[in-house]
Amino acid sequence: MGPMAVGKSVIGQQLAQHLGLPFIDTDAVIVEQHGTIADIFAGRGEHAFREIEARTVARAVEDSRQDGAVISLGGGAVLDSGTQQLLGGCTAVYLECDADTVAERIARNSGRPLLAGDAMARWQTLFDARRPVYTRLADITIDVRSGTVAEIALRVEEALQSFMAVKEEVQQ
């Protein structure tokens, strides 16, 4: 989890490959099943999108319970209280960044409905509001301000291994 344009999808794909697990990008699932996110926002509004998103996240978590998966959440998915509860039963990784980290990616991708107008100012406002939720829900926080996708995925993998080892130790 993390803000828009932080690299959740590409880092998640790389991590899933490293771990030999399926990768589920909830935004991609929504687009596949319901059309573009911009069209959902335009035609049905943000509230309808958030409902679709919450159901998609719940399905992804449920489908991966037994064998595991790496799931990439949309930036605002954590706003749903049901999603927050579901994440309590998962190992949640927060990809932490700042505006400088994502500015170039946001400039290249204008298809984000919540960033209409002054994209960076909107991104910062959303990030400031969501950051406390990401921080509260995170089991692991990874700074993604530097490193390649492969290097960051490796850092996530190492942090997951350490987290799971500690978790096992506590359970014994």
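What you are looking at is a predicted structure, and each value in this text was computed from that prediction instead of being measured.
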| Polar side chain donor-acceptor pair, T125 to D128, under 3.5 angstrom | no
| What heavy-atom pair brings T26 and A60 nearest, and what distance separates the two atoms? | CG2-CB, 4.3 Å
| message | Using every non-hydrogen atom in the two residues, find where C97 and F127 come nearest and quote the distance to one decimal. | response | O-CZ, 3.6 Å
| query | Is any side-chain heavy atom of V133 closer than 4.5 Å to a side-chain heavy atom of Q84? | reply | yes
| task | Determine, step by step, whether I140 and L160 satisfy the side chain to side chain contact (heavy atoms under 4.5 Å, CB included) criterion, reporting the C-alpha distance in whole Å, the side-chain angles of both residues, the deciding distance to 0.1 Å, and the verdict. | result | CA-CA 8 Å; I140 297 167; L160 282 168; 3.6 Å; yes
| task | Could you walk me through whether M1 and L95 pass side chain to side chain contact (heavy atoms under 4.5 Å, CB included), step by step? | result | CA-CA 6 Å; M1 66 182 165; L95 301 181; over 6 Å; no
| message | Listing request: all side chain to side chain donor-acceptor pair (under 3.5 Å) pairs with a residue in residues 62-82, at least two apart in sequence or in separate chains. | response | D80-T83
| Within a strict 4.5 Å, meaning less than it, do heavy atoms of the L79 and R130 side chains meet? | yes
| query | So, for Y134 and G2, which heavy atoms are closest and what is the spacing to 0.1 Å? | reply | OH-O, 3.1 Å
| query | Got T36 and I30 here, is their nearest side-chain heavy-atom distance under 4.5 Å? | reply | no
| query | Got I106 and M4 here, is their nearest side-chain heavy-atom distance under 4.5 Å? | reply | no
| task | Determine which pairs satisfy ring-ring contact (aromatic ring centres under 6.0 Å, His included) with at least one residue from residues 46-90, sequence neighbours left out, and list them in order. | result | F41-F49
| field | Under the side-chain hydrogen bond (donor to acceptor under 3.5 Å, both in side chains) test, residues paired with E158 that sit two or more places apart | value | none
| message | Checking Q14 against I11 for the side chain to side chain contact (heavy atoms under 4.5 Å, CB included) test, could you report, in this order, the C-alpha distance in whole Å, the side-chain angles of both residues, the deciding distance, and whether it holds? | response | CA-CA 5 Å; Q14 185 84 40; I11 294 166; 5.7 Å; no
| Heavy-atom distance under 4.5 Å between the side chains of T91 and F163, does that happen here? | yes
| request: Flag yes if V6 and L154 sit in one hydrophobic cluster, no otherwise; membership is Ile, Leu, Val, Met, Phe, Trp, Tyr, and two members link when side-chain heavy atoms are under 4.5 Å apart. | output: no
| Under a 4.5 Å cut-off applied to non-hydrogen side-chain atoms, are V93 and L15 in contact? | no
| OG1/T101 to CZ/R105 distance, rounded to the nearest 0.5 angstrom? | 7.0 Å
| query | Quick one: salt bridge (charged side-chain N to carboxylate O under 4.0 Å, His left out) pairs with a partner in residues 19-40, sequence neighbours left out? | reply | none
| field | pair T56-E53: side-chain heavy atoms closer than 4.5 Å | value | no
| request: Search all heavy atoms of V144 against all heavy atoms of R155 and return the closest pair with its distance. | output: CA-NH2, 4.1 Å
| query | Taking it one step at a time, do L19 and E157 satisfy side chain to side chain contact (heavy atoms under 4.5 Å, CB included)? | reply | CA-CA 8 Å; L19 299 175; E157 184 177 1; 3.7 Å; yes
| message | How long is the straight-line distance from CG of L126 back to CD of Q124, given to the nearest 0.5 Å? | response | 9.5 Å
| said: Here's a test for you: under side chain to side chain contact (heavy atoms under 4.5 Å, CB included), which of V57, I71, L73 qualifies with I24? | reply: I71
| message | I need the minimum non-hydrogen distance between M120 and A103, along with the two atoms involved. | response | SD-CA, 3.7 Å
| Heavy-atom side-chain contact between R131 and Y94 under 4.5 Å | yes
| Closest approach of I40 to G35 (non-hydrogen atoms, all atoms of both residues) | CD1-O, 3.7 Å
| request: Not counting sequence neighbours, list each pair that qualifies as a ring-ring contact (aromatic ring centres under 6.0 Å, His included) and has a residue in residues 3-26. | output: none
| query | At what distance, to the nearest 0.5 angstrom, does CD of E96 lie from OG1 of T141? | reply | 6.0 Å
| request: Using the test side-chain hydrogen bond (donor to acceptor under 3.5 Å, both in side chains), find all partners of R145 that sit at least two apart in sequence or belong to another chain. | output: D143
| Which distance, rounded to the nearest 0.5 Å, do you find between the CZ of R55 and the CD of Q33? | 10.0 Å
| said: If I take atom CG from residue D139 and atom SG from residue C90, how far apart are they, to the nearest 0.5 angstrom? | reply: 9.0 Å
